[in-house]
Amino acid sequence: MKGDRKYIFMFLLPSAVLMAVFLYYPFFKSLYLSFYRTKGFFDKKFIGWDNYSRLFSDKLLGAATLHTLEIMLFVIIFQVGIALVLAVLVESIGRLQNFYRSVFFFPVVISGTAISLLFVLFYNYNFGLLNGILANFGIEKVLWLSESNALAAVSIPTVWHYVGFYFILFLTAMSKIPSDYYEAAKLEGINAFKRTTMLTIPLIMSDIKVVITLAITGTLKVFEFVWVITSGQNGTEVLGTYMYKKAMVDQNFGYGSTIAIYMVVFGVLLALLANRLLKREEITY
Amino acid sequence: MKRSSLVLLSIMLVFSMFLAACGNKSANNPAPAEPTNNSAATTEPQPEETKAPDPVKLRVFSTFGGTDAAREAFQGVIDEFTAKYPHVTVENDTLSANDDGFRTKVNTDMTSGNEPDLLFYFIGTDAECFVNAGKVVPLNEILDANAEWKNGFIPDALKLATQKDGNIYAAPLTGYYEGLFVNKKIFEDNGLELPTDWDKLTTAVKTLSAKGIIPLSVPFDQSHYLIEHTILSAAGPEGQNKGLLDGIDPNWEKAYAAMKELYDLGAFPKDAATIDLGMSGNYYSEGLAAMTLEGSWAVGSWTEETRNNSTVIPFPTVPGGVGSGNDIIGGFGSGFYLSKAAYDNAAKKDAVVELLKHLTSPASIQKIASANGGTPAADVEVTGLAQVALDGFAMAAKANVISAPVDSKVAPETFSDLRASVQQVVTGKKTPTQAIESAKKVEDANKK
């Protein structure tokens with residue numbers, strides 16, 4: 001055993017090095033850059049906490065944070081909710097389970113950018129599919145990406161894209177529940193709805209908790225849907241797109257890095273909060 | 001004991017591999033390819049083309065890809081070169097210029113030691129950072145040493161390609177112009193005059209929007225051309241050139257006031273806030289819009305019908321603007337840069353210079369200009385162009401002043417701020433004055 005351990009360390013080393021190079025080094029580099037005012041790639045000047053004080057007075061960042069939280073709400077309610085409903089339904093049918101599994105999981109495989117481009121063509125005011133359908137019925141065209149709708153319109157593909165992933169997680173969790181629980185319930189004469197709310201959901205609570213944490217941290221990374229569909233216009237700017245704009249489009253890597261640090265801190269806080277709120281005993285069968 | 005030393009040894013081996021990998025990389029950055037080329041080039045000192053020369057691989061990065069009108073012409077020019085020099089393989093690396101994505105790629109490539117051997121990119125502020133960092137070679141000496149090549153260019157083109165420090169780093173290929181493209185057929189069908197002044201423009205906007213035709217197809221987010229043209233006509237070429245650093249030119253805000261006036265008259269597409277340039281071009285191309293603000297490069301991507309119906313005129317002077325109404329945006333805004341790494345690499349040097357000369361020879365310039373409708377940097381006859389491109393050349397020839405766009409006069413972050421203000425001003429959330437003041441603040445912070 002003791003000899004084995006050395007080999008384990010040896011084999012762990014390469015991935016640790018890769019992580020260090022591609023994750024921790026950029027992170028610390030961002031931390032370093034967040035104290036600089038940068039102009040392009042070659043010119044930078046130490047400015048202390050200036051970027052951080054800008055962070056607090058930046059209205060656009062506040063708006064981006066709010067929009068991110070709003071999408072997060074949509075994601076938790078609809079993504080997790082729909083995934084749960086679908087999983088319960090699919091779990092209770094005997095046949096065609098595998099078919100539905102594949103059908104619901106499929107969007108996860110498609111790249112987010114491709115889905116976004118698809119939705120651009122759905123929502124477009126002049127050529128779009130949705131307005132085309134409305135025009136067929138003689139209804140006036142709708143501006144789907146107006147200031148009041150845009151965020152919801154962007155959330156739809158975001159939610160739809162990942163429903164399948166959580167659906168599979170829930171389904172796997174449900175399949176681990178021993179069947180004698182259900183048999184006992186059946187003998188007690190429980191109906192299907194009660195069985196779901198009293199048995200299935202409480203038993204997979206720990207998985208729901210994991211999924212919600214994943215959904216929260218995942219929403220902080222939302223980028224391509226917003227970028228492609230609205231490029232952050234009409235009140236859809238999220239943290240990911242705002243950081244990209246500051247760092248890449250404006251070439252202000254210093255402030256971009258500061259936003260990145262803010263996103264990390266914000267994400268960790270949210271995840272901790274979610275963990276605290278959803279704290280629950282682990283169930284062992 | 002013995003076993004543990006073995007383990008130690010193997011760990012050290014693994015480590016040394018990483019170290020070697022890292023060491024190589026960092027050594028490559030400042031003095032690239034010196035060690036590698038020794039092994040690649042044989043010990044024979046440059047045989048005089050008697051023996052087959054060693055294969056050379058060159059990477060050319062440009063925007064002649066995707067939907068670019070000159071994509072095939074450019075590949076053709078490269079193929080000519082590789083047919084003549086079979087030992088050279090040219091990797092034609094491209095990214096579409098539709099978005100800012102290619103700027104990001106160029107900037108990352110140039111700073112991370114992954115620079116292409118030849119780079120087709122903007123001249124001016126955009127290039128300043130890698131020019132100042134010495135990543136590219138000044139071409140002055142090479143130009144002087146190859147008189148035939150140098151004389152192929154129009155002197156003006158070389159002058160416009162000169163960087164701030166007085167050196168020429170980029171060999172120009174074709175120039176561009178921007179202007180107000182007008183679908184003549186839509187104007188005729190509606191009994192309208194060409195929008196040569198502000199009154200005619202507003203009349204046209206009113207008439208067209210009442211009929212459900214988009215008068216002027218532009219996006220708010222990628223509003224580069226809208227801002228460039230309105231500021232140029234509001235502040236005039238001189239006022240535009242000053243940028244924002246030394247105080248606010250009061251004429252700048254007239255540009256935003258004009259945008260608001262146009263918006264209130266219904267000039268822009270309903271979804272202008274969320275479409276990108278591609279979609280806005282689409283509306284014009286499909287005949288849904290009567291006008292658009294674009295550059296010469298866009299002409300090739302429109303449907304043949306729209307192209308044949310189009311003409312291009314300078315953007316009229318906005319109310320109170322000091323522009324003459326005959327100033328345009330254009331120039332030789334980009335060219336081929338020769339990377340220092342390739343030039344210092346003995347194995348590549350001759351081939352890369354030869355390729356640069358070939359790509360910017362009058363014959364090549366003629367082919368590219370015929371394909372993309374840009375103004376050629378050499379004195380050549382460009383044939384087979386649509387009437388609108390010829391109108392563009394005429395417009396450029398008659399223009400009082402040809403200026404570089406305003407984005408090259410301010411920091412990138414400032415320009416982003418100007419772009420972000422467009423929607424807010426036209427919808428009344430910000431006044432034109434606030435828009436310029438906010439941009440000025442960003443500009444000041446950038447020059448700290």
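Given the structure is predicted, the values throughout are model-derived calculations rather than measurements. Chain naming here is simple, since letters A, B, ... match the order of the sequence lines and numbering starts at 1 in each.
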Under 4.5 Å from any heavy atom of chain B, what part of [X] do you find: side chain, backbone, both or neither?
{"X": "F9(A)", "value": "neither"}
{"X": "K141(A)", "value": "neither"}
{"X": "L60(A)", "value": "neither"}

For the atom pair OG1 (T230(A)) and CD1 (I275(B)), what is the distance rounded to the nearest 0.5 Å?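 Between atom OG1 of T230(A) and atom CD1 of I275(B) there are 13.0 Å.
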Could you grab the distance from atom CD of Q233(A) to atom CG of D276(B), nearest 0.5 Å is fine?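 So the CD of Q233(A) and the CG of D276(B) are separated by 11.0 Å.
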Mind listing the closest non-hydrogen atom pair of L143(A) and K270(B) along with its distance? CD2-O, 3.6 Å
Considering only heavy atoms from C-beta outward, does the side chain of N124(A) approach that of D271(B) to under 4.5 Å?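 Touching, per the 4.5 Å side-chain cut-off.
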If we only count heavy atoms from C-beta on, is the Q423(B) to N234(A) side-chain gap below 4.5 Å?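 Yes. Closest side-chain heavy atoms under 4.5 Å.
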When only pairs under 4.5 Å are counted, which of E413(B), E286(B), M279(B), M110(B) shares the most heavy-atom pairs with chain A? E413(B)
Let's test your reading of the structure: which of T274(B), L288(B), I214(B) forms the most heavy-atom pairs below 4.5 Å with chain A? T274(B)
Can you confirm whether [X] is buried at [atom1], in the sense that more than 12 heavy atoms of other residues, nucleotides or ligands lie under 6.0 Å from that atom?
{"X": "F266(A)", "atom1": "CZ", "result": "yes"}
{"X": "F127(A)", "atom1": "CZ", "result": "yes"}
{"X": "F106(A)", "atom1": "CZ", "result": "no"}

Side chain, backbone, both or neither: which part of F130(B) has a heavy atom under 4.5 Å from chain A? both
